[in-house]
2 protein chains.
Amino acid sequence: MKVTISDVAKKAGVSKTTVSRILNGNYSQTTDETRKRVQEAIKSLDYSPNALAKGLKSTRTNVLGIVLANLKNPFWTTVLEGVEDTSREMGYNLMICNSNEDEEYELKHIKELRMRQVDGIVLHPTVKNTEMYRKLLEENYPVVFINRRVPYLNGHSVVMDNIKGATIAVNHLLKNGRKKVAAILYKNPYVSTWSERIEGYKGALREKGYTDNDFCVLELVEGEKNCEVITRFFEQNKDIDAIFSTNNMLTLEVQAVLKEMKIKVPEDVAIVSYDETKWAKFIEPPLTTISQPGYEMGELATQILIKEIQSEKKPIPSTIVLNPELIVRQSAGEGLKNI
Amino acid sequence: MKVTISDVAKKAGVSKTTVSRILNGNYSQTTDETRKRVQEAIKSLDYSPNALAKGLKSTRTNVLGIVLANLKNPFWTTVLEGVEDTSREMGYNLMICNSNEDEEYELKHIKELRMRQVDGIVLHPTVKNTEMYRKLLEENYPVVFINRRVPYLNGHSVVMDNIKGATIAVNHLLKNGRKKVAAILYKNPYVSTWSERIEGYKGALREKGYTDNDFCVLELVEGEKNCEVITRFFEQNKDIDAIFSTNNMLTLEVQAVLKEMKIKVPEDVAIVSYDETKWAKFIEPPLTTISQPGYEMGELATQILIKEIQSEKKPIPSTIVLNPELIVRQSAGEGLKNI
DNA sequence: TTGAAAGCGCTAACAG
DNA sequence: CTGTTAGCGCTTTCAA
């Protein structure tokens, strides 16, 4: 039924070894003549090797795993694209898992991937399975963490400079004459990104002479109905004239509330929002955003992972920090620098 | 280094066979006593089976492949989620590939997936590799086609009713008093979805007594700078008072042009757009859309695929057609039915 | 109820 | 330059 390497060998009148060598490009050891015979046999039988058997023998599968926590946010689609493109280009296939921010799923997925002998894993960690992360690193299993910092652990990682992003955002608002900048975030105690962005927010304000009393932060829970909470927040803080929103979906929620309350953007309240999206320039008013290089993060993480897989000696763990960028449109009250 | 089934067998003082049986739940043939010993050994050695070896032997890998043509459009992210969730629930892992609408990539990916012995494939076909599709079906390889119809081929598929979607859209515009409805699409001769939507558009107009002369269709090329073409289109067709846009990104392009031209939506021109998105209700004016059940499509396709994989005799190929739904907001000139 | 042995399809010493 | 041979880790007859 299925055609194997033996069939090819038989047909070409050579041994399996020879076929195997030719398949793997060890041409140096073969006559042009036999090589041609084998290749004809391969073609005529429409043979293609069994990757399972190959992997079993060579302990390399050329499959990479990626476990993500969020497929819905377009930012992650971009990251996935970077990972996918790079994998393909470098001859790897990709196994994708969605932890959905759930530690149990994450654990199960990592185990599953290892059972399947994937050569390495790109991991957007929930940051709740510290034990497992440590184990992976101890066993020298190739992993690259992305986007979130895992404290006290010394592995490869590619993250964003969230402090800088927040700083840029707040400075932009201040430069445009705003006096009272509020920050809004989805709460998640495990995750460094939000806390870094808030840190950046506070730092930027302090830098300009604001004191801790001036900080104005609203914490929300993702997935809940937040309209009322946001409304109340604005009612209780009438002096807010600018918002630093740390998430693109959150921004849409906030804008809906502002519209409902007849608060004008950017006249009454200016907005800078995290994450550039396809729709940012099309909504009313066009959004000024902090753009993160998601594709590059995926690309780099994959390159590092593959380098680690392919190198003999363990490379020293590195943390790459990527810079976000400000894209100026109209929601923060300034002209059209970018479009 | 790596712990194998032999190690467990040795530690428990039994044979590999026994361990294997217990791993696979063939309890009936084993004493409680030995079972316990084995399970302790497994735990104490932190053993987990090698899925490659297992797959090599049993010719089942419990891995599914999916090849998509477009990761960027949020519609496909939704589909992917449906596939991912269902796979996980039913004990399968997922290998993801992006053909990027390129027939060569598609071919390579399908071959690759088969080499890796994935148990079946969910395929969003470019519809350019008819030979390969036919071969898959002939060889009884489990495949489910999604979203696009492959002509003359009799395989499982899950698609959307694009004619109905277009009809609903056009009827809605007409019902709201519009007289001259234009349709806009990205051109792709291979793909049934666009032609079906145009067919639905024409059918709906004919139904109301329009003739072929009244049809007004703009074909664009995805990825190109279409602003000027769209602008010219409106300049040359001043009487257009409604647009049926067949793609969500296209809609954003069109809206930008209309804004530029100071044409008011929905006062001057009403819009109904294909595909519901997260941002649809937040743009100005909130978009009336045709919503497609993408998650369900992914879910169903995966269920059918797994059923085919697990059943002894080939099930008869079925085509499931899912219905789109109109979500009424303001871009087509009517009140708030849905929000 | 358990085990021995063969083999899934491939690769890699080691000989020749 | 090519072939023989011995496994990779697991499942599965078949026999005990």
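Note that the structure is a prediction, hence the values are computed from the model and not measured. Chain letters run A, B, ... following the sequence lines, proteins first and then strands; every chain starts at 1.
- Regarding A:Lys36, its NZ atom lies at a distance of 19 Å from the C1' atom of D:dT2, rounded to whole Å.
- Nearest to the side chain of B:Leu56, among C:dG9, D:dT4, C:dT11, sits C:dG9.
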Can you give the donor-acceptor pairs under 3.5 Å from side chains of residues 120-129 of chain B to other protein atoms, not counting sequence neighbours?
| from | atom 1 | to | atom 2 | distance (Å) |
| --- | --- | --- | --- | --- |
| B:His124 | ND1 | B:Ile146 | O | 3.4 |
| B:Thr126 | OG1 | B:Glu106 | OE1 | 2.6 |
| B:Thr126 | OG1 | B:Lys128 | N | 3.2 |
| B:Thr126 | OG1 | B:Tyr133 | OH | 3.3 |
| B:Lys128 | NZ | B:Glu101 | O | 3.2 |
| B:Asn129 | ND2 | B:Glu103 | O | 2.9 |
| B:Asn129 | ND2 | B:Glu106 | OE1 | 2.8 |

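- Side-chain proximity of A:Val14 to D:dG3, C:dA4, C:dG7: nearest is D:dG3.
- The A:Asn50 side chain lies nearest to C:dG9 when the options are D:dG3, C:dG9, C:dA4.
- Out of C:dG3, D:dC10, C:dC10, the shortest distance to the side chain of A:Ile5 is found at C:dC10.
- Counting atom types as modelled, A:Ser20 pairs no side-chain N or O with a base atom of C:dA12 as donor and acceptor under 3.5 Å.
- Rounded to whole Å, the distance from NZ on A:Lys10 to P on D:dG3 is 14 Å.
- Straight-line distance from the CZ atom of A:Arg116 to the C1' atom of D:dG9: 15 Å, rounded to whole Å.
- The CZ atom of A:Arg35 sits 10 Å away from the P atom of D:dC1 (whole-angstrom rounding).
- Minimum atom distance to the side chain of A:Ser15 is reached by D:dG3, of the listed C:dT2, D:dT11, D:dG3.
- Atom P of nucleotide D:dG7 and atom NZ of A:Lys54 are separated by 22 Å, given to the nearest angstrom.
- Residue contacts for B:Thr34: at a heavy-atom cut-off of 4.0 Å it reaches the sugar-phosphate backbone alone, with no base atom in range.
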Give every donor-acceptor pair under 3.5 Å between a side-chain atom in residues 3-11 of chain A and any protein atom, sequence neighbours left out.
| from | atom 1 | to | atom 2 | distance (Å) |
| --- | --- | --- | --- | --- |
| A:Thr4 | OG1 | A:Ser6 | N | 3.1 |
| A:Asp7 | OD2 | A:Thr4 | N | 2.8 |

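- Between the side chain of A:Lys2 and the base of C:dG9, no donor-acceptor pair under 3.5 Å is found.
- Between B:Arg88 and A:Glu112 there is no salt bridge, since no side-chain N of the basic residue sits under 4.0 Å from a carboxylate O of the acidic one.
- Side-chain proximity of A:Thr18 to the nucleotides D:dG3, C:dC10, D:dT11 is greatest for D:dG3.
- Under the side chain to side chain contact (heavy atoms under 4.5 Å, CB included) test applied with B:Pro142, the options B:His156, B:Glu308, B:Lys307, B:Gln310 reduce to a single match, B:Glu308.
- Applying the 3.5 Å distance criterion, the base of C:dG9 shares no donor-acceptor pair with the side chain of A:Lys16.
- B:Ile22 places its CD1 atom 15 Å from the P atom of D:dT12, with the value rounded to the nearest Å.
- Closest to the B:Thr31 side chain, of the nucleotides C:dA4, C:dT1, C:dC8, is C:dT1.
- Between the CG atom of B:Leu52 and the P atom of D:dT11 there is a distance of 13 Å, rounded to whole Å.
- Side-chain atoms of A:Ala53 lie closest to C:dC10 of the nucleotides C:dC10, C:dA5, D:dC10.
- D:dG9 atom C1' lies 20 Å from atom CZ of B:Arg60, rounded to whole Å.
- Note on A:Glu131 versus A:Lys135: no salt bridge recorded, every NZ/NE/NH1/NH2 to OD/OE distance being 4.0 Å or above.
- With D:dC10, D:dG3, C:dG3 as the candidates, the nucleotide lying closest to the side chain of A:Arg21 is D:dG3.
- Nucleic acid contact for B:Thr17: base, since at least one base atom lies under 4.0 Å from a heavy atom of the residue.
- Checked by atom type and distance alone, the side chain of B:Asn93 never pairs as donor or acceptor with a backbone atom of B:Val63 at under 3.5 Å.
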